[in-house]
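Heads up, the thing below is written out as structure tokens.
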Amino acid sequence: MTVNLVYFSIMTFSFRQILTIFRRAAYSKYNTLSGSELVPPVSLLVPAFNEEITVIENVKCLLTLNYPTYEVIVINDGSKDNTLGVLRDEFELMLLPDPDIRHTIDCQPITAVYHNPKYPHLYVIDKPNGGKADSLNAGINLSHYPLISSIDADSLLEKDALIRMARMYMENPEETVAIGGDVRIANGCVIENGAVKEVSLPRKIWPMFQATEYLKAFLGGRIGWSSINGLIIVSGAFGLFRKDYVIAVGGYRGGYPGEDMNIIIKLHRYMLENKLKYRISFCPEAVCWTQAPDTYRILSNQRKRWGRGNLKNMIENYDMAFNPKYKVMGLLTMPYNIIFEALNPYFKVTGLLALIGYTLLDMTHWRVLAVFWLINFLSGYVLSIGALLLEELAFKRFNKLSDLCKLLLFSAFKFFGYAQLGGLWRIQGHIQFLRYNNSWGTMTRQSWQDKGEAAAKTAKPAKSA
């Protein structure tokens with residue numbers, strides 16, 4: 001019950017912001033910025049490990065964004081497949097003899113940099129496997145521009161996504177240190193020429209559950225946290241950062257997953273300890289489409305990995321919790337994440353066991369349990385409906401009535417098993433953390449096809465986070 005009250009409070013902040021977001025999304029003259037020299041240049045960093053199936057479409061998409069000045073830096077992180085080969089063949093890349101690499105952040109040594117004057121804004125780094133954080137640090141060392149943006153190699157940006165972020169950054173460039181974008185599930189959508197041409201919901205059950213989760217997390221949660229400057233994570237799939245501050249905090253942390261949360265915590269800590277005014281914002285109209293895991297095994301591996309990363313970040317930064325020195329982060333965000341994210345599965349398990357014990361000992365009646373469960377279900381379901389309402393008020397991306405009905409149904413269905421699995425996966429992730437299990441897990445990628453959920457797949461061997 002307590003966690004739902006917190007969720008309701010955060011969603012209230014989201015609804016308070018929705019009119020501003022609607023006006024910004026509908027009437028902002030962001031298109032006029034596409035050719036403006038005033039827009040700050042950006043370096044797009046694309047870590048790639050065994051991404052030969054998706055990386056070409058990803059790069060083609062990035063090379064055609066509506067943005068005046070930017071570069072795309074793909075970092076091949078010791079791939080075992082032909083990721084580097086397909087990039088070199090497709091873009092006729094040649095070895096750059098004397099690349100301008102600044103060793104501002106520690107990372108694995110860069111083996112080679114490839115470039116082709118026909119594509120002057122594209123660079124490809126080749127390096128030994130060091131994980132996603134290490135790849136981002138290598139990309140920063142090569143980058144030439146003051147803003148950096150992290151993009152997953154299995155994701156596609158909408159053409160105006162980056163310019164929408166830049167418009168938000170330009171409103172307050174002195175104080176804005178990071179901006180997160182909205183991540184949506186591409187499974188089921190029609191993809192043509194590296195762009196989502198028709199939005200539709202996934203046809204498989206696991207991505208469908210994730211579609212409801214993402215709506216609640218990004219629209220119902222991150223809008224609210226951003227409004228009080230308490231955002232703890234900018235998704236690794238799509239985020240924009242001031243490079244000077246990322247370098248100031250030592251870059252991305254390797255060794256464990258959760259580098260996207262860790263860099264934001266480090267930025268909060270740095271700005272607050274140095275008494276600098278700052279904002280870490282969320283731009284829900286800047287959209288990135290990503291492939292969601294579509295099997296139980298892949299999804300469970302992902303969620304266990306997220307659980308390990310969250311626990312590691314909470315342990316590393318426990319001193320911020322309940323500390324007034326860190327303002328909203330210390331008094332709200334960190335306590336919330338420790339109690340309601342890291343420890344919440346244990347509260348659920350112990351609470352369930354206690355209720356079962358009370359029933360067996362005849363200390364309570366089954367009707368009490370039924371009422372308790374119904375209250376929890378309804379409160380959680382109302383939150384999901386609230387996130388869908390935010391979507392319809394501001395963005396209206398689901399044009400089919402059947403899609404809206406499907407979202408409402410799966411928002412209810414997830415309480416009958418899927419939500420419980422989420423808690424189990426998080427506990428298993430914690431166990432892996434305690435056992436020093438740092439494997440990435442086997443992943444799969446699907447080729448971006450004209451129709452969503454294409455059949456072509458490739459397996460990704462385990463790698464270090």
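Side chains are part of it too, since the values below use all heavy atoms of this structure and drop only hydrogens, waters and symmetry mates.
- If you take CZ on Arg167 and CD on Glu285, they are separated by 6.0 Å, rounding to the nearest 0.5 Å.
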For the pair Ile191 and Leu156, evaluate side-chain contact (heavy atoms from CB on, under 4.5 Å) and give the outcome as yes or no after the intermediate values. CA-CA 10 Å; Ile191 311 294; Leu156 298 174; 3.7 Å; yes
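- Residues Tyr326 and Glu273 bring a donor and an acceptor atom of their side chains to less than 3.5 Å of each other.
- Asp154 contributes no side-chain N or O that, together with a main-chain N or O of Thr54, makes up a donor-acceptor pair within less than 3.5 Å.
- Atom CD of residue Glu316 and atom NZ of residue Lys266 lie 8.5 Å apart, to the nearest 0.5 angstrom.
- Using a 4.5 Å cut-off on side-chain heavy atoms (C-beta onward), Met334 and Ile232 make contact.
- In this structure, CD1 in Ile105 is found 9.5 Å from CG in Leu136, a value given to the nearest 0.5 Å.
- Remark: Lys396 pairs with no residue by the salt bridge (charged side-chain N to carboxylate O under 4.0 Å, His left out) rule, at least two apart or across chains.
- Remark: Asp126 engages no residue in a salt bridge (charged side-chain N to carboxylate O under 4.0 Å, His left out) (not counting sequence neighbours).
- Aromatic rings of Phe433 and Tyr256 (six-membered ring for Trp) have centroids within the 6.0 Å cut-off, being under it.
- There is no side-chain donor-acceptor pair under 3.5 Å between Ser43 and Lys243.
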Between Cys288 and Asp182, does the side-chain contact (heavy atoms from CB on, under 4.5 Å) criterion hold? Intermediate values first, please. CA-CA 6 Å; Cys288 167; Asp182 187 17; over 6 Å; no
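- The shortest distance between side-chain heavy atoms of Leu142 and Val113 falls below 4.5 Å.
- Taking both residues in full, the closest heavy atoms of Asn187 and Ala292 are given as OD1-N, 2.8 Å, listed atom of the first, atom of the second, then distance.
- Within the 4.5 Å cutoff, the side chain of Val74 has heavy atoms near those of the Leu122 side chain.
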Does the side-chain contact (heavy atoms from CB on, under 4.5 Å) test come out yes or no for Ile56 and Phe91, once each step is laid out? CA-CA 9 Å; Ile56 298 301; Phe91 299 103; 4.0 Å; yes
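- Here the options are Leu147, Ile151, Leu65, the test is side chain to side chain contact (heavy atoms under 4.5 Å, CB included), and the partner is Leu162; only Leu65 passes.
- Under the salt bridge (charged side-chain N to carboxylate O under 4.0 Å, His left out) criterion, Lys304 pairs with no residue, sequence neighbours left out.
- Arg269 and Asn317 are linked by a side-chain donor-acceptor pair at a separation below 3.5 angstrom, with hydrogens and angles left out of the test.
- Checked for salt-bridge contact, Glu174 and Arg242 miss the test: no charged N lies under 4.0 Å from a carboxylate O.
- At most 12 heavy atoms of other shown residues, nucleotides or ligands fall within 6.0 angstrom of atom OH in Tyr318.
- The nearest pair of heavy atoms linking Gly258 to Asn313 is O-ND2, 3.2 Å.
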For Glu51 and Val86, run side-chain contact (heavy atoms from CB on, under 4.5 Å): C-alpha distance rounded to whole Å, both residues' side-chain angles, the deciding distance at 0.1 Å, then the answer. CA-CA 10 Å; Glu51 301 285 1; Val86 297; over 6 Å; no
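- There is no side-chain donor-acceptor pair under 3.5 Å between Lys132 and Ser150.
- In summary, the side chains of Gln17 and Ser14 do not present any donor paired with an acceptor at a separation below 3.5 Å, with no hydrogens or angles considered.
- A donor-acceptor contact under 3.5 angstrom links the side chains of Asn129 and Asp77, judged on distance only.
- The distance from the CE atom of Met165 to the CG atom of Asp160 is 11.5 Å, given to the nearest 0.5 Å.
- Between Pro293 and Pro207 there is no side-chain heavy-atom pair separated by less than 4.5 Å.
- Minimum interatomic distance between Asn58 and Ala153 (heavy atoms only, all atoms of both residues): CB-O, 3.4 Å.
- Applying the ring pair (Phe, Tyr, Trp, His ring centres under 6.0 Å) test to pairs two or more places apart or on separate chains, those with a residue in residues 178-229 are Trp206-Tyr296, Phe209-Phe410, Phe209-Tyr418, Tyr214-Phe218, Trp225-Tyr336.
- Contact annotation: the side chain of Ser143 approaches that of Ile73 to within less than 4.5 Å [non-hydrogen atoms, C-beta and beyond].
- To the nearest 0.5 angstrom, Asn82 atom CG is 9.0 Å from Leu87 atom CG.
- Between Val42 and Glu71, every side-chain heavy-atom pair lies at or beyond the 4.5 Å cut-off.
- Between Asp134 and Lys127 there is a salt bridge, since at least one side-chain N of the basic residue sits less than 4.0 Å from a carboxylate O of the acidic one.
- In this structure Glu90 satisfies the side-chain hydrogen bond (donor to acceptor under 3.5 Å, both in side chains) test together with Lys60, sequence neighbours excluded.
- For residues 97-111, the set of pairs meeting the salt bridge (charged side-chain N to carboxylate O under 4.0 Å, His left out) definition, not counting sequence neighbours, comprises Asp100-Arg102.
- Under the rule for a side-chain hydrogen bond (donor to acceptor under 3.5 Å, both in side chains), Asp89 has no partner lying at least two apart in sequence or in another chain.
- The two atoms that bring Val234 and Gly239 nearest to each other are CG1-CA, 3.6 Å, heavy atoms only.
- Taking both residues in full, the closest heavy atoms of Ser155 and Ala237 are given as OG-CB, 4.2 Å, listed atom of the first, atom of the second, then distance.
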Before you tell me yes or no, could you show the steps for Thr295 and Lys204 under side-chain hydrogen bond (donor to acceptor under 3.5 Å, both in side chains), namely the whole-Å CA-CA distance, both residues' side-chain angles and the distance that decides it to 0.1 Å? CA-CA 9 Å; Thr295 67; Lys204 294 184 178 180; over 6 Å; no
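- Under the salt bridge (charged side-chain N to carboxylate O under 4.0 Å, His left out) criterion, the residue pairs touching residues 206-219 are Glu213-Arg303, with sequence neighbours excluded.
- A donor-acceptor contact shorter than 3.5 Å links the side chain of His268 to the backbone of Leu231.
- By the 4.5 Å heavy-atom criterion applied to side chains, Tyr114 and Leu84 are counted as neighbours.
- Residues that satisfy the salt bridge (charged side-chain N to carboxylate O under 4.0 Å, His left out) test with Arg426, not counting sequence neighbours, are Glu341.
- Counting only N and O atoms by type, the side chains of Asn262 and Glu259 include no donor and acceptor under 3.5 Å apart.
- Side chains of Asn76 and Thr83: a donor-acceptor N/O pair is absent below 3.5 angstrom, by distance only.
- You'll find the side chain of Ile140 reaches within 4.5 Å of the side chain of Leu45, heavy atoms only.
- Residues passing the side-chain hydrogen bond (donor to acceptor under 3.5 Å, both in side chains) test with Lys348, sequence neighbours excluded: none.
- Listed here is the closest heavy atom pair of Val196 and Val199: CG1-CG2, 4.0 Å.
- Note on residues 122-169: pairs passing ring pair (Phe, Tyr, Trp, His ring centres under 6.0 Å), not counting sequence neighbours, are His115-Tyr123, Tyr123-His144.
- Under the rule for a side-chain hydrogen bond (donor to acceptor under 3.5 Å, both in side chains), Thr111 has no partner lying at least two apart in sequence or in another chain.
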